[in-house]
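Just below is one structure, and these are the notes that go with it.
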Amino acid sequence: MQQPQYDRSRVGAYLGLGITFALSALFFAWLGSVLDKKIGSTPAFTLLGALVGGAAGFYNLVRRAMALQEGDSHKRNDEDGEVGPSGKAPDKR
C-alpha cells in the first residue's frame with residue numbers, strides 16, 4: 001500500500017486555519033469586554049463579541065479550507081493526468 005505524498009509547504013496554510021479561528025473569537029471577546037468596561041454594563045457585549053467572533057472565524061475557516069482543498073484537488077488531478085472539474089472531458093472517437 002502506497003503512502004500519500006504530502007506537500008510540506010502547504011501544511012502551514014492548514015495550521016493557520018485554527019489559529020485564525022481562535023484569534024478572531026478572542027479578539028471580538030476582548031473588544032466586547034472593553035466596551036462593557038467603558039459602558040459599565042454586564043458581560044453582555046463580551047458574550048456577544050465572542051459569538052460574533054466565533055461565527056466570523058468559523059465562516060473564514062470553512063471558506064479558506066474549501067479553497068485550500070479545491071487547490072489540492074486540482075493539483076492531484078493535474079498530477080494524475082485527469083481532467084479537473086473545470087475542464088472539459090477529452091473526445092473519445
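Quick note: residue numbers are just sequence positions, from 1.
With sequence neighbours excluded, the residues that form a side-chain contact (heavy atoms from CB on, under 4.5 Å) with Ile19 are Leu23.
Heavy-atom minimum distance, Phe58 versus Phe21: N-CD1, 3.3 Å.
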When the side chains of residues 48-57 are checked against the rest of the protein, which donor-acceptor pairs come out under 3.5 Å, sequence neighbours left out?
none

Can you list, pair by pair, the side-chain donor-acceptor contacts under 3.5 Å of residues 31-39, counting residues two or more places apart and other chains?
{"residue": "Ser33", "atom": "OG", "partner": "Trp30", "partner atom": "O", "Å": "2.7"}
{"residue": "Asp36", "atom": "OD1", "partner": "Ser41", "partner atom": "OG", "Å": "2.8"}
{"residue": "Asp36", "atom": "OD1", "partner": "Phe45", "partner atom": "N", "Å": "3.3"}
{"residue": "Asp36", "atom": "OD2", "partner": "Phe45", "partner atom": "N", "Å": "3.4"}
{"residue": "Asp36", "atom": "OD2", "partner": "Thr46", "partner atom": "N", "Å": "3.0"}
{"residue": "Asp36", "atom": "OD2", "partner": "Thr46", "partner atom": "OG1", "Å": "2.8"}

Does the pair Thr20 and Leu61 meet the rule for a side-chain contact (heavy atoms from CB on, under 4.5 Å), with working shown? CA-CA 8 Å; Thr20 303; Leu61 181 138; over 6 Å; no
